[in-house]
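Heads up: the structure comes next, in structure tokens.
Residue numbers start from 1 in every chain, and the chains themselves are labelled A, B, ... in the order their sequence lines are given, proteins ahead of strands.
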Number of protein chains: 2
Amino acid sequence: MPSQIRGEHRSRSKVFKALGHPTRLFLLEELSRGERCVCELRDMVHADISTVSKHLSLLKEAGVVSDRKEGLKVFYSLRIPCVMKFFDCLDEVERASASCCASSRKPRP
Amino acid sequence: MPSQIRGEHRSRSKVFKALGHPTRLFLLEELSRGERCVCELRDMVHADISTVSKHLSLLKEAGVVSDRKEGLKVFYSLRIPCVMKFFDCLDEVERASASCCASSRKPRP
DNA sequence: GAACTATTTGGCAGTTTAGCCAAATAGTTG
DNA sequence: CAACTATTTGGCTAAACTGCCAAATAGTTC
């Protein structure tokens with residue numbers, strides 16, 4: 001019985017906020033295949049390298065990715081692989097939207 | 001091989017953005033126990049009823065909750081229960097932060 | 001239909017975010 | 001150390017988000 005907004009909600013929402021951008025989801029999808037340097041990612045995303053860097057910083061700040069420096073390059077990798085499983089659930093959103101409204105709804109106690 | 005930002009990324013990010021707010025996570029947690037009317041939720045959240053209503057609209061727009069009118073009241077319910085499972089994964093983020101850095105990292109191919 | 005309850009909508013001020021450029025930093029190489 | 005490459009940081013503008021209030025809407029009840 002939480003009945004209040006707790007720190008838990010705040011820290012979790014921070015992660016979701018980090019996931020709430022198309023470019024960052026793309027970056028995560030790419031990182032799920034293995035670590036990549038910023039320069040590789042920039043080539044895939046149509047954006048300034050500073051923009052890509054900031055997206056990655058934000059993901060790192062949220063704890064979703066980690067980075068590793070090797071020479072001049074910085075390699076980012078997915079630190080919490082389980083986030084990739086979220087997508088299966090999200091596709092349910094779309095399926096539910098398509099074949100609408102026959103869904104389960106808990107009755108009031 | 002996606003190699004591009006697709007509509008998929010956009011629609012998914014919309015859902016994550018909707019989850020990216022402490023109050024909305026609280027609302028979802030409450031709705032996971034059964035449907036609730038706006039007035040009930042307002043009593044739990046320290047915010048104007050119009051603010052609560054807007055949070056709920058946003059969640060509905062993202063496809064995460066649905067609403068049902070009964071007399072004067074509008075009852076909201078969780079449409080995609082699987083989002084509640086996300087939290088288990090998110091707690092991994094914190095655990096990983098605590099017992100730092102011994103994590104798995106895919107080597108480059 | 002007037003008074004009332006529950007909810008949504010519009011609008012506004014303050015804050016945050018996105019993306020670009022320029023400049024700074026870090027590391028490599030001649 | 002000068003020139004170069006890779007990345008980050010600071011600053012700026014435009015856009016989006018938050019939360020409150022006031023007003024509008026929807027439905028109920030007398």
Which parts of nucleotides 24-30 of chain D does protein reach within less than 4.0 Å, heavy atoms only, written one letter per nucleotide 5' to 3' as B for base, S for sugar-phosphate only and - for none? --BBS--
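The distance between atom CD of A/E61 and atom C1' of C/dA18, rounded to the nearest whole Å, is 17 Å. Rounding to whole angstrom units, NZ of residue B/K17 and P of D/dA15 are separated by 15 Å. Going from atom CG of B/D43 over to atom P of C/dT7 covers 10 Å, rounded to whole Å. The CG atom of A/L58 sits 14 Å away from the P atom of C/dT16 (whole-angstrom rounding). In this structure, CD of B/E35 is placed 12 Å from P of C/dT7, rounded to the nearest angstrom. Protein atom CG of B/L41 is 14 Å distant from nucleotide atom P of C/dA6, rounded to whole Å. What separates NE2 of A/H55 from P of C/dT16 is a distance of 19 Å, to the nearest Å. Atom CZ of A/R68 is separated from atom C1' of C/dG27 by 15 Å (rounded to the nearest Å).
Side chain of B/T51 to main chain of B/A47: no donor-acceptor pair is present (N/O by atom type, distance under 3.5 Å, no hydrogens or angles). A/R24 contributes a side-chain N or O that, together with a main-chain N or O of A/A18, makes up a donor-acceptor pair within less than 3.5 Å. A donor-acceptor pair under 3.5 Å is formed between the side chain of A/R79 and the backbone N or O of A/G63.
The phosphate of D/dC20 (OP1 or OP2) has a side-chain N or O of B/T51 nearer than 4.0 angstrom. When the side-chain nitrogen and oxygen atoms of A/H46 are compared with OP1 and OP2 of C/dG19, none of them lie within a distance under 4.0 Å.
Checking D/dT7, D/dG11, C/dA18 against the side-chain heavy atoms of A/K54 singles out D/dG11 as nearest. Which of D/dA6, C/dT9, C/dT8 sits closest to the side chain of A/C39 comes down to D/dA6. Taking every side-chain heavy atom of A/D48 into account, C/dC21 is the closest of D/dT8, C/dT8, C/dC21. In the set D/dA22, C/dA18, D/dT18, D/dA22 carries the atom at the smallest distance from any side-chain atom of B/S50. For A/Y76, whose side chain is taken as the heavy atoms from C-beta onward, the closest listed nucleotide among C/dT8, D/dT8, C/dT17 is D/dT8. Of the candidate nucleotides D/dT7, C/dG19, C/dT7, C/dT7 has the atom lying nearest to any side-chain atom of B/C37. Listed candidates were D/dT18, C/dT17, D/dT8. Nearest to the side chain of A/I49 is D/dT8. Out of C/dT7, D/dT9, C/dT17, the shortest distance to the side chain of A/S57 is found at D/dT9.
Nucleic acid contact class of B/K60 (heavy atoms, under 4.0 Å, all strands): none. Nucleic acid contact for B/R42: none, since no nucleic acid atom lies under 4.0 Å from a heavy atom of the residue.
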Would B/C89 and A/F86 satisfy side-chain contact (heavy atoms from CB on, under 4.5 Å), going step by step from the backbone distance to the final call? CA-CA 9 Å; B/C89 169; A/F86 292 1; 3.8 Å; yes
Check the pair A/K17 / B/H21 against side-chain contact (heavy atoms from CB on, under 4.5 Å), numbers first and verdict last. CA-CA 7 Å; A/K17 197 181 283 188; B/H21 192 287; over 6 Å; no
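The cationic group of B/R36 does not satisfy the cation-pi geometry with B/F75, failing either the under 6.0 Å distance to the six-membered ring centre or the 45° limit from the ring axis.
At a threshold of 4.5 Å between side-chain heavy atoms, the hydrophobic network of Ile, Leu, Val, Met, Phe, Trp and Tyr places B/L27 and B/I49 in one connected group.
Relative orientation of the A/F26 and B/H9 rings is perpendicular, given thresholds of 30° and 60° on the angle between their planes.
Between the side chain of A/K73 and the base of C/dG27, no donor-acceptor pair of N or O atoms lies under 3.5 Å.
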